[in-house]
Protein chains: 2
Amino acid sequence: MSKRTEKTIVDIAEELKLSVSTVSRALNDNPNISARTKDKVKKMARKLGYRPNALAAGLRNNKSKTIGLIVPRISMFFPATISTIIQNKLQEYGYNLIICQSNDSYDQEVALVNTLYSARVDGLVVSTTLYTTDFSHFDVFKDNNIPLIFFDRVPKDYNVKVIKGDDYVGGYTATTHLIERGCKDIVHISGPLTCNLYVERVSGYKHALQENKLPFKKTRVFYQELTRDNAWQACEKIFAQTPYPDGIFASNDTTAITIMEYCRKINVRVPEDLKIVGYSNDPRTEIVTPPVTSVDQYPTMMGERVVAALMELITSQASATAPRYSQEIIPIQLIARESTAGMVKAGGKKK
Amino acid sequence: MSKRTEKTIVDIAEELKLSVSTVSRALNDNPNISARTKDKVKKMARKLGYRPNALAAGLRNNKSKTIGLIVPRISMFFPATISTIIQNKLQEYGYNLIICQSNDSYDQEVALVNTLYSARVDGLVVSTTLYTTDFSHFDVFKDNNIPLIFFDRVPKDYNVKVIKGDDYVGGYTATTHLIERGCKDIVHISGPLTCNLYVERVSGYKHALQENKLPFKKTRVFYQELTRDNAWQACEKIFAQTPYPDGIFASNDTTAITIMEYCRKINVRVPEDLKIVGYSNDPRTEIVTPPVTSVDQYPTMMGERVVAALMELITSQASATAPRYSQEIIPIQLIARESTAGMVKAGGKKK
DNA sequence: TAATGTAATGCAAACGTTTGCAAAAATCAA
DNA sequence: TTGATTTTTGCAAACGTTTGCATTACATTA
């Protein structure tokens, strides 16, 4: 193939009548190489167009200066934002990031974990699939003491470093907000309970109802992948019979926005007849009419904390005594917008 | 560090009293290893928890089974969608993808190109910075005959494989559409002209005007980074004096949506008083009120073509005779929505 | 000038694979 | 059985770095 132009430190060494070790040290600014030699070496490196081979260095050092990231999909606002932060922060530390998407498929996740291990990443950051309940495929990383961090969608009962949102409080806050605005019959559209964060949000929802002496009705909670299609279908069920609910707490913004669309179609007014709260504070919540109340998860903060924690793990890797797991909780904040404005009318509404 | 649990093919070989070469071949399904040995080897590999070291293999083979991708940012709809496609497709071919963001900074782009080269990626896919006009930092890849593909934001006057949208036709179609809907005074908000695709769209805009005997006025074209803030500021200028335009062709959807927001604030009705066309067919165009007409760029098709082209380059790499550059153009399609509905009123409008 | 200490460089092994070539083992025909 | 094939395995070098240890060059002091 190519024109054999790949220069190595050996070429530099020969050119300069130095040994490869000296060249290597010079390029790495090793203190016991004289300034003069360093200079010569670097000049020659530039002149020859030398490019370090990270594979070789990685093999020798047993570290790749590369971090793996697995998220369900990078096209969703929340993971996308976090990926961006992680990527940019990591770059500052001189690390590359291999971003992978599991597409919410357990099998793909397993496969990715293995190839990332093969790539000898120096750390792995994961937000799991909706359906990951067995985490043993991550054992390789634990067993080999390679930094492993989960964020947002984190494992239950698997000892590991975790950075998550305050989902219980999120669910509680969203529901309480609806109640404060006068809602008495609140539907909750949740993700599947295989994913623990939804369990917590449901639990927050439930407690808010209890605290306000409102009944928790099983028929008022939906568990489904939070896609547009599913949201639409849920609406068809919800509005197939009266009484309509007067509030909906949706566990993501896609769902919330879709519900609004449906409401427009069937002439249910938001917020007058129905109040809606979404989750994640996706920027789309601001551009729809009316703007949707949502729960901000501080993705920037979460991303920064992930990188900080990762770097701690990496630097403390030698002292294997440090606890390699802990749970860190990022706060949430409810952003009230028009979709939950005003008080609901006394009598409620009907078809 | 770790507990020295890293098993290698040497361990397998010793355990089985075979040579490492046999083990290596067995694991790679080399045809002249007997089925029996292959079986034994694979079983033992599993038993020992062997994980191939991609770095070592990469060093030896001079290929990393990894592709680099540089995009301005993965949080924007178009590059995000394409990245997703590329990632998923590449996975099928057994390649990893290192996704990097230049954040539209030229210096970062240069740095990324270098580290990706160091990582010895087997190919590089790029959508450049808005401000990249010198492409010499990509020479390393060309010189070493490593597959290099640009998409969407592609270089001008730099011989390389290019897959781009039909931006001239896009600009032309969007403008013609506005004219057909009755607009006579059309503002165009373009990206900076350092990025060639905007040059082409402007040129399409211009020709559409000419063809319809409408004057091209310099004061009616804005060149700016297409952010929300800039869009808002542009609106302040545009609507600071009468007559208002009756149509705006914005070169991205963020801008189009922001304009609509501004119009609502100052009580300009869309589409009655002003018609708006965006670009990229971001899903947000569908959820705003009114939905925004936009130009679909078929990101899925583009992503698939990128991967296809990449694979061609990789497999034909040996035969360095194949032309390593060419231009492929992905069609566009105007998606008409409410923001350009109806005919504009005869007399036009004013403050 | 010799002795001593320090600063700078070199040697060679190692990281875990793959692969061309040579050698051994198995198979077959006579 | 022997020799000729064919199938299967092994040897050893190579990929481009880094690093512990040994060695050389230089500077300093007596």
Side-chain angles (χ1 to χ4, degrees), chain A residues 1-2 4-42 44-45 48-66 115 117-122 144, chain B residues 1-2 4-42 44-45 48-66 115 117-122 144:
Chain A
M1 65 185 63
S2 73
R4 273 313 303 102
T5 64
E6 298 261 15
K7 297 295 179 185
T8 72
I9 56 172
V10 180
D11 297 312
I12 302 180
E14 282 173 356
E15 202 76 29
L16 253 35
K17 307 276 176 234
L18 282 173
S19 74
V20 283
S21 26
T22 304
V23 173
S24 168
R25 279 188 262 253
L27 290 172
N28 290 321
D29 269 326
N30 184 303
N32 44 5
I33 296 291
S34 70
R36 238 169 51 86
T37 346
K38 277 184 191 171
D39 221 58
K40 276 198 307 188
V41 170
K42 286 178 186 171
M44 182 55 72
L48 295 183
Y50 165 75
R51 310 272 170 164
N53 185 323
L55 294 177
L59 175 58
R60 168 63 221 231
N61 294 331
N62 200 28
K63 60 172 69 155
S64 59
K65 280 282 176 181
T66 297
T115 58
Y117 184 85
S118 270
R120 293 300 188 270
V121 292
D122 294 341
N144 288 78
Chain B
M1 65 187 61
S2 74
R4 272 316 301 98
T5 63
E6 298 262 14
K7 297 295 179 187
T8 74
I9 57 172
V10 181
D11 296 314
I12 302 181
E14 282 174 356
E15 202 77 29
L16 253 37
K17 307 274 175 235
L18 282 173
S19 74
V20 283
S21 27
T22 306
V23 173
S24 169
R25 279 188 260 253
L27 290 173
N28 291 322
D29 269 325
N30 185 303
N32 46 6
I33 295 290
S34 68
R36 238 169 49 87
T37 347
K38 276 185 192 172
D39 222 57
K40 273 198 308 186
V41 169
K42 286 179 183 169
M44 182 55 74
L48 295 183
Y50 165 75
R51 311 271 168 162
N53 184 324
L55 294 176
L59 174 59
R60 168 63 222 235
N61 293 333
N62 202 27
K63 61 173 68 155
S64 60
K65 280 285 180 178
T66 298
T115 57
Y117 183 85
S118 269
R120 293 301 189 270
V121 292
D122 294 340
N144 287 79

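Below, read A as the first sequence line, B as the second, and so on, with proteins coming before strands; counting in each chain starts at 1.
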Participant: Checking S24(B) now: which residues fulfil side chain to side chain donor-acceptor pair (under 3.5 Å) with it, not counting sequence neighbours?
Facilitator: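 Here no residue qualifies.
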
Participant: Starting at CD1 of I9(A) and ending at P of dT19(D), how long is that distance when rounded to a whole Å?
Facilitator: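 So the CD1-P distance, I9(A) to dT19(D), works out to 11 Å.
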
Participant: Just so I know, are the side chains of N53(A) and T8(A) near enough to count as touching, which here means a heavy-atom distance under 4.5 Å?
Facilitator: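 With C-beta onward as the side chain, the pair stays apart.
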
Participant: Which angle, to the nearest 10 degrees, lies between the helix axes at the two ends of the helix from dT1(C)-dA30(D) to dA30(C)-dT1(D), each defined by five pairs?
Facilitator: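 That helix has its two terminal axes inclined by roughly 50°.
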
Participant: Go through residues 53-61 of chain B and report each residue with a non-hydrogen atom lying under 4.0 Å from DNA chain D, sorted by number.
Facilitator: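 Correct list: L59(B), R60(B).
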
Participant: Looking at every strand, decide which applies to R51(A) at a 4.0 Å heavy-atom threshold: base, sugar-phosphate, or nothing.
Facilitator: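 The answer is sugar-phosphate, as R51(A) gets under 4.0 Å only of primed atoms, P, OP1 or OP2.
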
Participant: Could you run down the sub-3.5 Å N/O contacts of the protein with nucleotides 7-9 of chain C?
Facilitator:
| unit_1 | atom_1 | unit_2 | atom_2 | d |
| --- | --- | --- | --- | --- |
| dT9(C) | OP1 | T37(A) | OG1 | 3.0 |
| dT9(C) | OP2 | S34(A) | N | 3.3 |
| dT9(C) | OP2 | S34(A) | OG | 3.4 |
| dT9(C) | OP2 | T37(A) | OG1 | 2.7 |

Participant: Could you give the side-chain donor-acceptor pairs of residues 12-21 of chain A under 3.5 Å, partners two or more places apart or in another chain?
Facilitator:
| unit_1 | atom_1 | unit_2 | atom_2 | d |
| --- | --- | --- | --- | --- |
| S19(A) | OG | S21(A) | OG | 3.0 |
| S19(A) | OG | T22(A) | N | 3.3 |
| S19(A) | OG | T22(A) | OG1 | 3.0 |

Participant: Going by the rule side chain to side chain contact (heavy atoms under 4.5 Å, CB included), which residues pair with S64(A) if we only count those two or more places apart in sequence or in a different chain?
Facilitator: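 In terms of side chain to side chain contact (heavy atoms under 4.5 Å, CB included), with neighbours along the sequence ignored, S64(A) is linked to T66(A), D122(A), L55(B).
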
Participant: Side chain to side chain contact (heavy atoms under 4.5 Å, CB included) with A57(B): which residues, sequence neighbours excluded?
Facilitator: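 Partners of A57(B) by the side chain to side chain contact (heavy atoms under 4.5 Å, CB included) criterion, ordered by chain and then number, come out as N61(B).
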
Participant: Could I get the full list of side chain to side chain donor-acceptor pair (under 3.5 Å) partners for D39(A), not counting sequence neighbours?
Facilitator: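 Only K43(A) meet the side chain to side chain donor-acceptor pair (under 3.5 Å) criterion with D39(A).
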
Participant: How would you list all residue pairs meeting salt bridge (charged side-chain N to carboxylate O under 4.0 Å, His left out) that involve residues 48-59 of chain A, not counting sequence neighbours?
Facilitator: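 Sorted pair list comes back empty.
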
Participant: Write out all pairs satisfying salt bridge (charged side-chain N to carboxylate O under 4.0 Å, His left out) with one or both partners inside residues 22-36 of chain A, taking only residues at least two apart or from two chains.
Facilitator: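 For residues 22-36 of chain A, and leaving out neighbouring residues, the salt bridge (charged side-chain N to carboxylate O under 4.0 Å, His left out) pairs sorted by first residue read D29(A)-K38(A), D29(A)-K42(A).
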
Participant: For N32(B), what residues pass the side chain to side chain donor-acceptor pair (under 3.5 Å) criterion, not counting sequence neighbours?
Facilitator: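 Partners of N32(B) by the side chain to side chain donor-acceptor pair (under 3.5 Å) criterion come out as none, since no residue qualifies.
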
Participant: Quickly work out the I12(B) CD1 to dG16(C) P distance and round it to whole Å.
Facilitator: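 Nearest whole value for this atom pair: 13 Å.
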
